[in-house]
Amino acid sequence: MVNKGKSIYLCRPNGEKICVLNGVDTSTVLYEEHLKDYDELSFTVDRYIEVDGTYIESNGYDMLHAYMELLIEDVGRFQMQEPSTANDGNRESKSILAYSLEKE
């Protein structure tokens, strides 16, 4: 279980933090712990977020690719798989799937 107040950081493959992902749709965050397998993290990130009535690109959106790492405070580090992109003409988003780092 990931608490709603936890930040998800985008990191380089060496673990260096790049930014906090501010476009995460918190209603889609799913963290599954597995005793005998790798933990899974999945969520959706919106390309644009609204700030003071203006839409801007969310932090790190263009850097969401396979092998990048994600860090969740007090939970752990995860390695991303290649995200899928959805675009309905009004909203673009990426669906993220990541596995705990022991999968490396």
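Here the shortest heavy-atom pairing between N87 and E92 reads ND2-OE1, 3.4 Å. Taking every heavy atom of both residues into account, H65 and P83 meet most closely at CA-CD, 4.0 Å. The two residues E40 and L97 come nearest to each other via the heavy atoms OE1-CD1, 4.0 Å. Scanning all heavy atoms of the two residues, the minimum distance from Y61 to V45 falls at CE1-O, 3.6 Å. Residues Y55 and E50 approach most closely at OH-OE1, 3.4 Å, considering heavy atoms. In plain terms, the two heavy atoms of M63 and M68 that are nearest each other are O-CG, 3.4 Å.
In this structure, a donor-acceptor pair under 3.5 Å is absent between the side chains of D52 and T54.
In this structure, CD in Q81 is found 7.5 Å from OH in Y67, a value given to the nearest 0.5 Å. The line from OH of Y38 to CD of E32 is 16.0 Å long, rounded to the nearest 0.5 Å. Atom OG of residue S7 and atom CG of residue L70 lie 12.5 Å apart, to the nearest 0.5 angstrom. How far CD of E73 is from CD1 of I8: 10.0 Å, rounded to the nearest 0.5 Å. Rounding to the nearest 0.5 angstrom, the gap separating the CG atom in D37 from the OG atom in S100 is 8.0 Å. From Y31, atom OH reaches atom OG of S42 across 12.0 Å, with rounding to the nearest 0.5 Å.
Hydrophobic clustering, defined by side-chain heavy atoms of Ile, Leu, Val, Met, Phe, Trp and Tyr closer than 4.5 Å, groups I49 together with V51, I56.
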Query raised in the report: Taking it one step at a time, do L10 and N59 satisfy side chain to side chain contact (heavy atoms under 4.5 Å, CB included)?
Result: CA-CA 9 Å; L10 177 63; N59 293 343; over 6 Å; no

Can you give me every donor-acceptor pair (side chain of residues 11-21, partner residue at least two apart or in another chain, under 3.5 Å) with its distance?
from: N14; atom 1: OD1; to: E16; atom 2: N; distance (Å): 2.9

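At a threshold of 4.5 Å between side-chain heavy atoms, the hydrophobic network of Ile, Leu, Val, Met, Phe, Trp and Tyr places L71 and V29 in two separate groups. No single ILVMFWY cluster, assembled from side-chain heavy atoms under 4.5 Å apart, contains both Y9 and L41. Both V75 and V24 sit in one connected hydrophobic cluster of ILVMFWY residues. Membership requires side-chain heavy atoms under 4.5 Å apart, directly or through other members.
A distance-only check finds a donor-acceptor pair linking the side chain of T28 to the backbone of T44 [under 3.5 Å]. Without hydrogens or angle criteria, D25 side chain to S27 main chain gives a donor-acceptor distance under 3.5 Å.
I96 is not listed as a side-chain neighbour of F78, based on a closest heavy-atom distance of 4.5 Å or more. E57 places a side-chain heavy atom less than 4.5 Å from the side chain of R47.
Every residue two or more places apart in sequence or in another chain that forms a side chain to side chain contact (heavy atoms under 4.5 Å, CB included) with D88 is listed here: N90, R91.
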